[in-house]
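Here is the naming used below: chain letters follow the sequence lines, and residue numbers restart at 1 for every chain.
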Amino acid sequence: MLRWSPSSATILPELILAVGAIVVLMVALFTPRRLQPWMAALAAAVLLSAAVFAGLDLIDPPGLTFFDTLAADGVGRWATLLLAVVALLVVGLSVEWFRPDARHAEYYVILIFATLGAVLLAGANDLMELVLAMMLSSVAGYTLAAFHRRSRGSSEAGMKYFLLGALANGAMVYGVALLFGLSGSTTFTDVGPGLEGADPLALVVGFGLVVVGVAFKMGVAPVHPWVPDVAEGAPAPAAAFLMIFGKIGALVFLARFVLILPDTQLGWRPLVALVAAVTMTLGNLAALRQDDVRRLLGWSAVSQAGYGLLAIVAIGRSDLAIPSLLMFLVAYSFGTIAVFGVVVALRGLTDRISYRGLAGPHPWLMGAMLIGFLSFIGIPPLGGFAAKLLLMGAVIDAGYTWLAVLTVINSVVSLVYYFRVLGPAYQEKPGGRRPTMGRLAGASVAFAAIGVIAVGVVAQPLLQAWNTLDL
Amino acid sequence: MVWLPILFPLAGAVAVLAMRRRRPWLGPIAVIALLGSLVSAVLAAFSDATSTWSWGAGIDLSLEVADAGRVMVVLVPLVAVAVVLYAALSMRDDPALPRLFALLAGFVAAMELLVVAADFLTLLIAWELVGAASWALISHDWRNLKAPTSAKEAFVTTRFGDLGLYIAAGAAFAATGSFAYSDLASGADPLWLGVVAGGVVLAAAAKSAQLPFSPWLFSAMAGPTPVSALLHSATMVAAGAYALIRLQPILSAVPWFGPLVVGLGLATALAGGLVAFAQTDLKRALAGSTSAQYGLMLVATGAGFTAAGMSQLTAHAFFKALLFLGAGVALHSAGTLDLGKLRLGSTMPRIAVLFGIGAAGLAAVPPLGAAFSKEAVLGAAFDAGFWVGSGVLVAGFLSALYASRLHVLAYGPGPPVELKSRPHRVEVFALAVLAALTVVLSVIWLPGSKELITEVSSGSFAEGEPWELGLSLLTIAMALGVVWLLWRRKVLVTAGFPQRFRIFVAGWWGIPTAARRVIIDPVIRLSRDLASADFSVVDAVVRGIAASAAGFGDRLRRRVETAVDWIAMGVGSRTLLTATVSQKIDDDGVDAAVEGIAEGFRFGGEQSQRTQTGMSHHYYTMLVAGSVVVLIVAAIWR
Amino acid sequence: MSLEAVLFVSAALFGIGVYGALSQQSFVMIMMGLELMLNATILAAVAFWWGTTNGNPEGQLLAIVVMAVMAIEAAIGFALVTNVYRVRKADITEKLRKLRN
Amino acid sequence: MLSLTIVVPVLAAIVLLAMPKDRPQMARWVAFGVSLVPLTLIVVAWTRFEGGPEFEMVESLSWIPSIGVSYQVGLDGLSLPLVALTTVLFSASILFPVDLRGRARQYFAAFLFLEGVSLGLFLALDLILFFVFFDLSLVGMYFLIAIWGHGSAHRSALKFFIYTLVGSLALLLGILGIYLNSGEPRTFDMIEIITTQPLPAAGLGSVLIFWAIAFGFMIKTPLAPFHTWLPPAHVDAPAPASTILAGVLLKMGTYGFVRILLQMMPETFDRFSFPIAVLAVVSIVYGALVAMAQTNLKRLVAYTSVNHMGYVILGVAVAANIGAPGAARSIALTGATIEMVAHGLITGAMFLLTGSILARGETYEMDEYGGLASRAPALTGAMLLAAFASLGLPGLAGFVAEFQIFAGTLGVYPWLAGIGLLGIVITAALFLRMVQRVFLGPLPDRWSAWTDLGKWELAALVPMLALVVVIGIAPAWLVDVIDSASRAITGG
Amino acid sequence: MSLIAAILFWFFSAAAVVTGWLVFRTDSMVRAAYWLMASFVAVGGILMVLDAQFLGLILILMMAGEMTIMAIFMVMFMMNPAGLNPMTMVHQHRTSIVSGAGAFAVLAIVALFADFPDRPVQPGADPTVDLGVELLGESMLVFESAGVALLAVMIGAVALVSFRGRFGEAEEGSEEPALETDEQ
C-alpha cells in the first residue's frame with residue numbers, strides 16, 4: 001500500500017534544511033572573507049524558516065510520509081521545532097566565537113546538516129532511515145567537534161568521537177540487519193507485526209545492538225565516554241549543540257522504536273531502566289571532582305541523558321511519558337544552551353577556579369548559569385523541575401518507583417558539583433570583569449535562560465499540546 | 001476581687017522598677033503594695049471570691065479563695081510585709097535594691113496566685129513562677145558565681161518536682177477533660193486519680209524540701225537573708241505543703257496517698273531534725289529545721305487532718321521568718337553564721353529575746369500557737385497509728401533539741417563581740433512584729449478556736465488525748481536537758497557527734513554527693529558523650545554516605561574506564577580509600593570527603609600510571625563489555 | 001550452505017573486526033577493523049534477504065546502505081586522521097590523551 | 001489579597017536587585033517598608049478571619065490544568081498564625097543590623113525573596129505550589145548563609161542545601177505518589193485531596209508515600225537523627241538568617257507534617273503515630289542533652305531547636321492517633337501549633353541576640369564571656385526573657401505550647417510524655433548554665449568596653465519579645481484561631 | 001547447482017575469514033589493506049552465490065577501489081617507505097581477543113540457535129530489478145538521505161583537511177578564542 005503524502009509541506013522543514021545548507025555553502029563560496037560571518041545570518045534565516053514551518057506543521061494531523069519511512073507526527077514536529085530553535089541559538093553563540101576562523105561558513109553548513117540528521121532521526125520510521133539519519137548526524141557531529149583545526153583539543157575530541165561512533169554504528173547496523181531478518185522488513189509499520197513471535201534470543205541481540213547505536217547518539221552508558229571529551233575539546237558552541245541534538249533525535253527515535261517492540265518476548269523496559277540508572281549515576285559521580293567546567297558539563301550531560309531515559313521506561317504505560325519526554329528535551333536544551341552559552345560568553349573560560357567571584361562583575365551571566373544549574377538539579381519552578389516531576393511521575397506510574405528514588409538521589413549528588421562552580425562564584429569577593437564574547441552570545445544565553453524559566457512557569461500551553469500526542 | 005492580692009504586689013513591682021532612681025521611696029512603695037495585698041486578701045478571704053481567665057479553646061484559668069486558701073492568702077502578705085520591712089533597712093546600701101524589691105513583690109504575687117488557684121493549670125503556672133522568682137532572688141548577688149550556681153541547683157531540683165504537676169495536670173485532663181479541681185473531685189478514673197496524686201506528691205515533696213529533695217534548701221541559702229526568710233516561711237517552701245493540704249480532700253480517695261505522705265513527712269522530720277541538730281551554720285541549721293517542720297505538716301495532712309497541718313504551717317511561717325531575720329541580724333552584725341563564733345546574747349540582748357521567742361516556737365513551747373499546732377499534729381499522727389505518733393514525738397524532741405541548741409549557740413550568753421554594725425530600729429521592729437505574731441497566735445489555745453479554724457479552712461483536727469500534751473512537754477524538757485548537758489561539756493557546737501558522722505549528717509546524709517554521683521555527673525557525661533557522638537557518629541553516617549558516594553563514583557568511573565586493570569586497581573584503591581576516608585572523616589563536610597577521596601586517588605594515580613585514561617581503546621573496551629552486559633541483562637531480565 | 005552457515009561466517013568476520021578495532025593502535029588499522037565489521041553486516045543483510053524475508057528488496061537496499069556507511073566512515077575517518085596527524089603528530093590512540101579526567 | 005503578600009516581596013526583591021547603586025541604608029528602609037506590606041495584609045486577614053472548618057480567603061488560578069496543578073492559596077487556623085509569625089520575623093530580621101559585606105541590595109533582596117517564598121509555602125493549597133516554595137526557600141537560604149555567613153559558611157551552606165534537598169526530593173516523591181493516587185482526574189489540589197481522602201488507609205503504596213513525605217519533613221524539621229545539618233548551618237549563618245531558618249524554615253517541616261500527612265492521610269499516620277512520637281521524644285531528650293554539652297552559644301541554641309521541634313512533632317503524633325479522645329488530640333495539636341509560633345519568636349529572638357553578642361565579642365564560645373550583665377542590662381534581660389521562655393516558664397509563650405502538648409500527650413502516650421518531660425528539666429539546666437556563663441559572674445577586663453543593645457537591635461527584638469509575653473499571658477486570641485483548625489483536623 | 005554453490009560458499013567463506021584474520025596478523029599496513037580487500041572480495045563472492053550478483057559486484061568494485069585509495073593514502077601519509085616496514089602496533093591484546101571472541105560467540109549463538117523465519121527468496125524474481133524499484137520507489141527517502149549524508153561528509157572532510165582555502169591558509173584562526181582580549 002503506497003501512502004505518499006501529497007502535501008510536501010509535511011516535510012518542508014527537512015527540505016528547507018537540506019536545500020538551505022547547500023545555499024549557504026554556495027553563497028559562502030562567492031562571498032569575500034570579511035563578509036563570511038554574515039553566513040551566520042543566512043544560516044539563521046534557514047533555521048528560522050525551518051522552525052517556522054515546523055511550527056506551522058504542528059496543527060496538521062499526524063501521519064506517515066515517504067511510504068512510511070518518515071513519521072510526521074506531533075512528537076516529531078515538536079522535536080524538529082526544538083532542534084531548529086536550538087541550532088538557531090547555537091548560531092547566535094557561534095558568530096563571535098568563529099569570527100577569527102578564516103573559513104568557517106562550512107561550520108554553519110555542517111551545523112544545518114547535523115540538525116537535519118537529528119530531525120530525520122527523530123522522525124525515522126524505518127530501520128534504514130535510522131542508519132542514514134544516524135550517519136548524517138554523526139558525520140556532521142564529528143566535523144563540528146573537530147572544527148578547530150589548529151586546536152589540539154578539538155581535533156582529539158573529533159577523533160575520539162568518531163572512533164567511538166564508528167564502532168557503535170557498526171554494532172547498530174548489525175542489529176538492524178538482525179531485526180530485518182527477523183521481521184522481514186525495515187519499515188516500522190511492518191517490523192512491529194513481523195516481530196510478533198520472533199525468536200527472543202535474536203530479538204534481544206538485535207535490539208541490544210540497535211540500542212548501542214542509539215546510546216552512542218545520546219551519550220548513554222556504556223557508550224558515553226565521548227561526551228566529556230567532546231564537551232571539553234570541541235569548540236564551545238558546537239559542544240553545546242552536540243550535547244543536545246543527539247538526545248533530541250535519539251530519544252524521540254527510541255520512544256518510537258520501543259513502542260513497536262513486542263513486550264512479551266523482550267524485556268526492553270527493565271533494560272532501558274537499567275541503562276538509565278547506570279547512566280545517571282555514573283555521570284553524576286564522575287562529575288563530582290571535575291575542575292574543568294566544560295568537562296563537568298559533559299558529565300552532567302551524561303547524567304541528564306539518564307534522566308531522559310526515564311520517559312522511555314514509562315512509555316506505553318503512563319500517559320505522562322510523552323509530555324515528560326518533550327518537557328525534558330525542552331528544559332534540557334535550554335538549560336544546556338544557557339550554561340554552555342555562559343562559557344562561550346566568557347570566551348571559553350573553563351577552569352573552575354576562574355569562576356570565583358564572577359557573580360559580582362557578571363551578575364547576568366552568572367544568573368543565567370545559576371538558573372541553568374538549578375534547572376538541572378530540578379529546583380522549581382524552572383523547566384528542569386517540570387521535567388523531573390513529569391519523568392518521576394511517569395516512572396512511578398509505570399511501576400518503576402526505584403528508578404524515581406534513584407533519580408532523587410542523583411539529583412542530590414548533582415547539586416554538589418554544580419555548586420562547586422556556583423558557590424565560589426557567589427561567595428568569593430567579587431573579582432574583576434572578564435572579557436566577553438559580545439552581545440549576540442549574551443542574547444542567546446538570555447533567551448535560553450528565560451526559556452528555562454518560561455517552560456517551567458508557563459508549562460500549561462505546552463502540556464496541553466503534548467497531552468494528546470501519540471507516537 | 002480575687003485578683004487584687006496578686007495585682008497589688010505586681011503593681012508594686014512595676015512601680016519599684018519605674019522609680020528605681022528614687023531610692024528612699026522604694027521601701028514604702030513595696031510595703032504599701034504588700035499591705036494592699038494583705039487587705040485585699042482579707043477581703044477576698046471573707047468574700048470567697050472567684051474568677052476565671054480564658055486561654056481560649058475552652059481552657060480557663062480559674063481562681064478561687066477556698067478552704068485552706070482563706071488562711072494562706074492572708075498569711076503570705078502578712079509575713080512578706082515584715083520581711084520587706086526588714087529588707088528595706090538591712091539592704092539599704094545594696095545598689096540592686098529595686099530589683100530585689102521587684103522580685104520579692106513578684107514572688108508574693110506568684111505565691112498568691114498559687115494560693116488562689118482552683119485548677120491544675122493555674123497551680124502549675126504559679127508553681128513555676130514561684131520557682132523562677134526564687135532563682136532570681138537566690139542569684140541576687142550574681143557577680144559572685146556561687147550565687148547563680150546555687151540558684152540553678154535549687155531551680156533545677158524543684159523543677160524536677162514540677163514535672164509532677166505537669167503529670168498531674170495531664171492526668172487530670174486525661175481523666176476529666178479539664179484541669180479544674182472540682183471536676184476531679186466529682187469523680188474520675190481511679191487510675192488517673194492515682195497518677196494525679198503521685199504527681200502532686202512529687203511536686204510538693206520537691207517544693208517543700210522533703211526527702212530526697214531536701215538539700216536544695218542549702219543551695220537556696222546563697223540568697224540574701226530576707227529572701228531566705230520569705231522563701232522558708234510563707235512562699236516557696238510552703239507551696240508544697242499548702243498544695244497537699246488544699247488537694248487532700250480530692251486525693252485522699254487514693255488509698256496510698258495518706259500513708260505515702262505520712263511516711264514521707266515523718267522520714268523528713270526525723271532526718272531533717274538531725275541535720276538541723278548537726279549543722280554548724282546557722283542558716284543551714286534553720287534550713288534543716290524547715291524540712292523537718294514541713295515534714296510534720298505532711299504527717300498531719302497525710303493523716304487526714306488538714307487543719308492541723310494548716311495551723312502548723314501558719315505558726316511555722318511566723319517563727320521561721322523571725323528566726324531567719326534573727327540569723328540575718330547575726331550575719332550583719334557579726335559577719336559570720338558559724339555557730340561556733342556567735343553567742344551574741346550579751347551584746348544584743350533585745351534581739352536575743354526576740355530570737356528566743358522564735359526558738360521557743362520552733363521547740364513548741366506552750367502556750368505559743370506553735371505548741372498548739374504541734375499538739376494537733378501529734379494528735380493527728382497518733383490517729384494515724386501508734387508508730388507514727390511515736391515518730392512525731394521523737395521529731396518533736398528533735399525540734400526542741402535543735403531549737404534550744406541554736407538559740408544557745410547563736411544568741412546565748414557569751415563574751416562581748418565586736419559588731420560590724422548595729423541593727424536599725426526598723427529592722428528590730430520587723431523582728432518584733434513577727435515575734436508578736438508568734439506570741440499572739442497563742443490565742444488559738446482559747447476554746448472555740450478549733451471550731452473556727454475548722455470552719456475557715458474546711459479541715460479538721462484529730463481528737464487529741466491529754467496525755468499527748470504531757471508527753472510533748474516531757475520531750476521538750478528532755479531536750480533542754482540534753483542541750484544543757486552538751487553545753488556543759490562544751491560540745492554543743494559539734495552536738496557531741498563524731499566529726500565525720502556529723503559532717504555526713506549535716507550535709508543532708510550524703511544526699512547531695514549521691515545525687516551528684518548518680519544523677520548529675522552521669523547526665524553531664526551522657527550529654528558530652530552524645531554531643532561528641534552527634535558529630536562523630538550521627539553526622540558521620542551522613543558524611544560517610546556522602547563520602548562513599550564520592551568514592552564510589554570515582555571507583556566506578558575509573559574501573560569502568562579501565563576495565564582492563566580492574567583487579568590491580570581495586571586492591572590498591574580500596575586500601576587507599578579506607579585509609580583516606582578514615583583519616584579524613586574527622587574533617588568536616590561533604591566537600592572534605594570529596595577532597596579526601598580525590599587526594600587518595602591522586603596518590604593512587606602516582607602509584608599506577610595505568611589508571612590514567614582518556615584513550616580511545618579503553619572506551620572501546622568499555623563499549624564492548626558494556627554492550628555484552630546489556631545483552632546479557634536483556635536476555636535474562638524480562 | 002544454509003542461513004546458519006552464512007550467519008556463522010558473518011559472525012566470525014564481525015568477531016575479527018571487533019578484535020581488530022580493539023587491538024590496533026593505529027587509527028588506520030582500527031578503521032580496517034571497523035570496515036571488517038561492516039563487511040560482516042553486509043553479509044548478514046544479504047543472507048537475511050536471501051533466507052528469511054521472501055526476497056524483500058529492502059534487504060538488498062540495506063546492504064547498499066551499509067556500503068554507503070562504509071564509504072562515509074572511511075571518508076570522514078581519513079579526514080580526521082589527517083587532521084589529527086597534522087595538529088598532533090599523532091597516529092595512534094595512545095597519543096590522544098589530552099582530554100581525560 | 002493573600003497573593004499580594006507573596007508577590008509584593010518577590011517583586012520588590014527583583015526591583016532591589018535592579019537598583020543601580022549600593023546604598024545600604026536606603027536598601028534597608030526599602031526592604032523594611034516592603035516587609036510591612038505583608039504584615040499589614042496579614043493583620044487585616046486576621047481581623048477578617050472567621051475560624052470555620054473550611055479554608056478561607058481562597059484565591060485560585062488555573063496554572064497547569066493538564067496535570068492538575070493550580071495556583072491556589074488560602075488560610076485556615078493552622079496557617080494563619082504561621083503566616084503572621086513569618087511576617088513579624090521577617091520585618092524584625094530585616095531591621096536587625098548585620099555586616100552586609102558590601103552587598104546590601106543583594107542581602108535585602110534575598111531576604112524579601114525568602115519572605116515571599118515562605119509566605120507562599122504556608123499559604124499554598126496546591127501540592128506543587130507548596131513544593132515550589134519549599135525548594136525555593138532552600139535556594140534563598142543557601143545564598144544567605146553562603147554569602148553573608150562566617151566561619152566555614154561554604155560548607156555549612158552546602159551541607160544545609162544538600163541535606164534538606166534530600167528531604168525535599170523525598171517529599172516530591174511522596175507528593176507524586178499522592179498525585180498518582182488522587183483519582184480521576186488526578187490533581188495536586190490540597191483542598192480536594194483533604195476533602196476526598198483518596199489514599200487507601202492500608203497498602204504498601206500509602207505506607208511508602210507516608211514515609212517518603214515523613215522522611216522529607218523529618219529532615220526539614222529536623223528530628224533526630226536527621227538534624228546534623230542544623231547546627232553548622234546556624235553557627236555559620238548571619239544572625240537574621242538564623243532567625244529565619246529557625247523561626248520560619250523549620251516550621252515548614254512541622255507544618256507539612258500537619259497539612260500533608262495529618263490531613264491527607266490520617267489513617268496511615270494513625271498507624272505510625274507511635275513510632276513518630278517515639279522519634280519526637282528522642283529528639284526532645286537528645287536535643288536537650290546535646291545542647292547542654294555545647295560550649296558554643298549558637299550551637300547550643302541550635303540544638304534546643306531540635307528539642308523544641310520534638311515537642312511539636314510529639315503533639316502532632318498525638319493528634320494523629322485516631323483512637324485517642326478528641327479533646328486530647330485537639331489540645332495536643334493546638335499546643336504543637338502554638339509551639340511553632342512560640343519557638344519562632346523565642347528562638348528567633350535568641351538567635352538575633354547571639355548575633356549581637358558575636359558583633360561585639362567576635363566569638364560564640366561561652367567561656368570567653370562572663371559578667372556581661374553589668375555592662376549590658378538590656379541584652380541580659382532580653383536573653384534572660386528568651387531563655388526562660390524557651391525553657392517553658394509560665395507567663396511566656398513557650399509554656400502555653402508545651403503545657404498543652406503534654407496535657408494532650410499524657411492521656412495518650414503516658415510513658416512518652418513522662419520521658420519527654422525530662423527534657424523540660426534539662427533545658428532548664430542548660431539555659432541557666434548558659435545565662436550564668438555568659439552574663440553572670442565577674443566581668444573579664446577585655447569586655448569592660450562592652451556596649452549594650454543599640455536602638456535598631458532593640459527595635460527588632462522588642463516586638464518579638466513583647467509577643468512572647470502577650471502570648472504567654474493572654475493567648476486566647478491565638479488559641480481560638482488555632483483551635484478552629486485543630487478541631488476541624490482532629491474532629492475533636 | 002547446490003553442490004557447486006555449497007563448495008563455492010565454503011571456499012569464499014574460508015577465504016573471507018582467513019584473509020580477514022590476516023589483516024591483523026601482518027607487519028605492514030599496506031599488506032593489511034590488501035588482505036582486507038581480499039576479504040571483501042571473498043564476501044562479494046558469497047553474495048554472488050546467494051543470488052545477489054549485483055550487490056556482490058558493486059561490493060568488489062567499490063572495495064577494490066577503496067582499498068587502493070587506502071593503501072596509497074597510507075604510503076603518503078605515514079611517510080613510511082611504502083608502509084612496508086615491519087611493525088607491531090597492538091595494545092590490550094588479551095582484552096581484544098576476549099572481546100572479539102565474545103562478539104563472535106554472541107552472534108554465532110544467534111546464528112546457530114536462534115529460530116529465524118524460513119522465507120527464502122522467490123526463485124523467479126530478478127533481484128536487481130526489485131532493488132531498482134525499491135530504490136526509486138518506496139525507499140526514495142533512504143536514497144535521498146544517503147545522498148545528503150555523502151554530501152555532508154564531503155563538505156566536512158574537505159573543510160577539515162584542505163590546506164589552502166579561498167582566502168589563503170585554510171586553518172588560519174581556527175582555534176579557541178583567546179581568554180583575554182586586547183581591550184582589557
Q. Above 12 or not: heavy atoms from other molecules or residues under 6.0 Å from CZ of E:Phe116?
A. yes
Q. E:Ala103, E:Gly102, E:Ser99: which one forms the most heavy-atom pairs within less than 4.5 Å of chain B?
A. E:Ser99
Q) Does CZ belonging to E:Phe54 count more than 12 external heavy atoms closer than 6.0 Å? A) no
Q: Under 4.5 Å heavy-atom distance to chain E, tell me which part of B:Val624 shows up: side chain, backbone, both or neither.
A: side chain
Q. B:Leu631 versus chain E, heavy atoms under 4.5 Å apart: side chain, backbone, both or neither?
A. side chain
Q.
Looking at B:Arg517, I'd like to know if its CZ atom is crowded, meaning that more than 12 non-hydrogen atoms belonging to other residues, nucleotides or ligands lie closer than 6.0 Å.
A. no
Q: Please name the pair of heavy atoms, one in E:His91 and one in B:His617, separated by the smallest distance, quoted to 0.1 Å.
A: CE1-ND1, 3.1 Å
Q.
Looking at B:Arg528, I'd like to know if its CZ atom is crowded, meaning that more than 12 non-hydrogen atoms belonging to other residues, nucleotides or ligands lie closer than 6.0 Å.
A. no
